*Asks:* 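Have a look at this one before I ask anything.
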Amino acid sequence: MNHDTYDNAYIAGILNSVKTIAMVGASPNDVRPSYFVLKYLLAKGFSVFPINPGHAGKEILGRTVYASLADLPQPVDMVDIFRGSAAIPGIIDQVLKLDPLPKVVWMQLSVRHDEAAARAEAAGIKVVMNRCPKIEYGKLSGEIGWTGVNSGVLSSKKPIMRQGFQSFGVRQK
């Protein structure tokens, strides 16, 4: 797959199918991007499991922090990675040991590792690199337009409501 650009339908399909997310690199520091993405995804009704070995056993936003993906109490649909590109091969090794495998591996802004992505895709896992699910959700649901940002997505259709606080669903097309 070409990971330089993504079709809106591909991203929308992922965001509509995912319910549980493991966030590798989640931070309890409320000024870190992983913290506010975690908070946003929880508010949208996703079940998010923070992964951070330095904070294992503690809580972030009321969610128990786990040391590794192997410690998760249940299977997840998506692994969202807030770590540098150099850490991706090791994280993909952990992902490929999960049973069942997640549907998606999502690498945050500026994070990309094509070889590791190819390994995940060979196992049947969808991959998104250099994107943020919070930004993509806001863009595809129309929320980002509330602040005057041009999302490039126009629709006269009524928003689809999801569970959570002020949660509009993502349209596929």
Side-chain angles (χ1 to χ4, degrees), residues 1-27 33-52 60-61 63 65-66 68-141 143-144 153 160 162-164 167-173:
M1 172 173 208
N2 177 5
H3 291 286
D4 294 327
T5 61
Y6 297 100
D7 185 66
N8 285 344
Y10 179 74
I11 299 293
I14 288 171
L15 294 174
N16 282 323
S17 68
V18 165
K19 303 224 182 325
T20 56
I21 301 170
M23 185 176 288
V24 177
S27 174
S34 63
Y35 182 90
F36 56 81
V37 170
L38 174 60
K39 185 174 183 177
Y40 181 88
L41 293 174
L42 288 171
K44 297 302 168 199
F46 294 97
S47 179
V48 185
F49 299 92
I51 309 291
N52 186 323
I60 301 174
L61 294 167
R63 304 293 298 177
V65 180
Y66 297 93
S68 72
L69 292 169
D71 297 330
L72 289 171
Q74 69 180 69
V76 293
D77 298 323
M78 181 170 96
V79 175
D80 183 13
I81 305 172
F82 275 92
R83 297 284 316 276
S85 297
I88 299 303
I91 295 168
I92 295 299
D93 289 343
Q94 291 179 41
V95 167
L96 294 175
K97 290 178 184 173
L98 295 175
D99 185 23
L101 291 174
K103 299 177 201 174
V104 180
V105 168
W106 191 301
M107 299 176 212
Q108 283 292 328
L109 295 172
S110 79
V111 181
R112 183 174 180 137
H113 199 290
D114 291 303
E115 295 81 16
R119 287 186 17 227
E121 289 174 327
I125 300 171
K126 292 181 180 182
V127 175
V128 177
M129 295 190 283
N130 191 28
R131 295 286 188 277
C132 176
K134 176 186 182 298
I135 294 170
E136 297 298 323
Y137 188 100
K139 179 177 91 172
L140 295 172
S141 69
E143 283 181 356
I144 202 166
V153 178
I160 303 166
R162 286 181 58 142
Q163 297 296 320
S167 298
F168 290 110
V170 173
R171 291 205 176 274
Q172 288 192 335
K173 270 195 179 180

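Scope of the values below: all heavy atoms of this structure, side chains included, with no hydrogens, waters or symmetry mates. Remember, it's a predicted structure, so these values are computed and weren't measured experimentally.
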*Asks:* Pair Val79, Ile125 - check side chain to side chain contact (heavy atoms under 4.5 Å, CB included), show working.
*Replies:* CA-CA 10 Å; Val79 175; Ile125 300 171; over 6 Å; no

*Asks:* Looking only at heavy atoms, what is the nearest atom pair of Lys19 and Asn16, with distance?
*Replies:* NZ-O, 4.1 Å

*Asks:* Does the side chain of Gln94 reach to within under 4.5 Å of the side chain of Ser68, using non-hydrogen atoms?
*Replies:* yes

*Asks:* With the side chain counted from C-beta on, respond yes when Asp77 and Ser17 share a heavy-atom pair under 4.5 Å apart, and no when they do not.
*Replies:* no

*Asks:* Given side chains that start at C-beta, do those of Pro102 and Met78 come closer than 4.5 Å, heavy atoms only?
*Replies:* no

*Asks:* Can you see which heavy atom on Ser34 is nearest to which on Ser27, and at what distance?
*Replies:* OG-N, 3.0 Å

*Asks:* Taking all non-hydrogen atoms of both residues into account, name the closest pair between Ile51 and Val65 and its distance.
*Replies:* C-CG1, 4.4 Å

*Asks:* Would you say the side chain of Val105 lies within less than 4.5 Å of the side chain of Ile88, judging by non-hydrogen atoms?
*Replies:* no

*Asks:* How far does SG of Cys132 sit from CE of Met107, to the nearest 0.5 angstrom?
*Replies:* 14.5 Å

*Asks:* In chain order, what residues pass the ring-ring contact (aromatic ring centres under 6.0 Å, His included) check against Phe36, with sequence neighbours excluded?
*Replies:* none

*Asks:* Grab the two heavy atoms, one from Met1 and one from Val127, that are nearest each other, plus how far apart they are.
*Replies:* SD-O, 4.5 Å

*Asks:* Of all the heavy-atom pairs spanning Arg83 and Ile91, show the shortest one and how long it is.
*Replies:* CG-CD1, 3.8 Å

*Asks:* Give a yes/no verdict on a cation-pi contact between Lys39 and Tyr35, requiring under 6.0 Å between NZ or CZ and the six-membered ring centre and an angle within 45° of the axis.
*Replies:* no

*Asks:* Answer whether the closest heavy-atom distance between the side chains of Met23 and Leu41 falls below 4.5 Å.
*Replies:* yes

*Asks:* Can you tell if the side chain of Val48 reaches within under 4.5 Å of the side chain of Leu61, non-hydrogen atoms only?
*Replies:* no

*Asks:* For a 4.5 angstrom cut-off between non-hydrogen side-chain atoms, does Pro73 reach Phe49?
*Replies:* yes

*Asks:* Mind checking salt bridge (Lys or Arg N to Asp or Glu O under 4.0 Å) for Asp114 and listing every partner two or more places apart, or none if nothing turns up?
*Replies:* Arg112

*Asks:* Do Tyr137 and Val37 have side-chain heavy atoms sitting under 4.5 Å apart?
*Replies:* no

*Asks:* Can you run down the side-chain hydrogen bond (donor to acceptor under 3.5 Å, both in side chains) pairs that involve residues 116-130, sequence neighbours left out, and say none if there aren't any?
*Replies:* His3-Glu121, Asp93-Arg119

*Asks:* Using every non-hydrogen atom in the two residues, find where Phe46 and Val18 come nearest and quote the distance to one decimal.
*Replies:* CE2-O, 3.2 Å

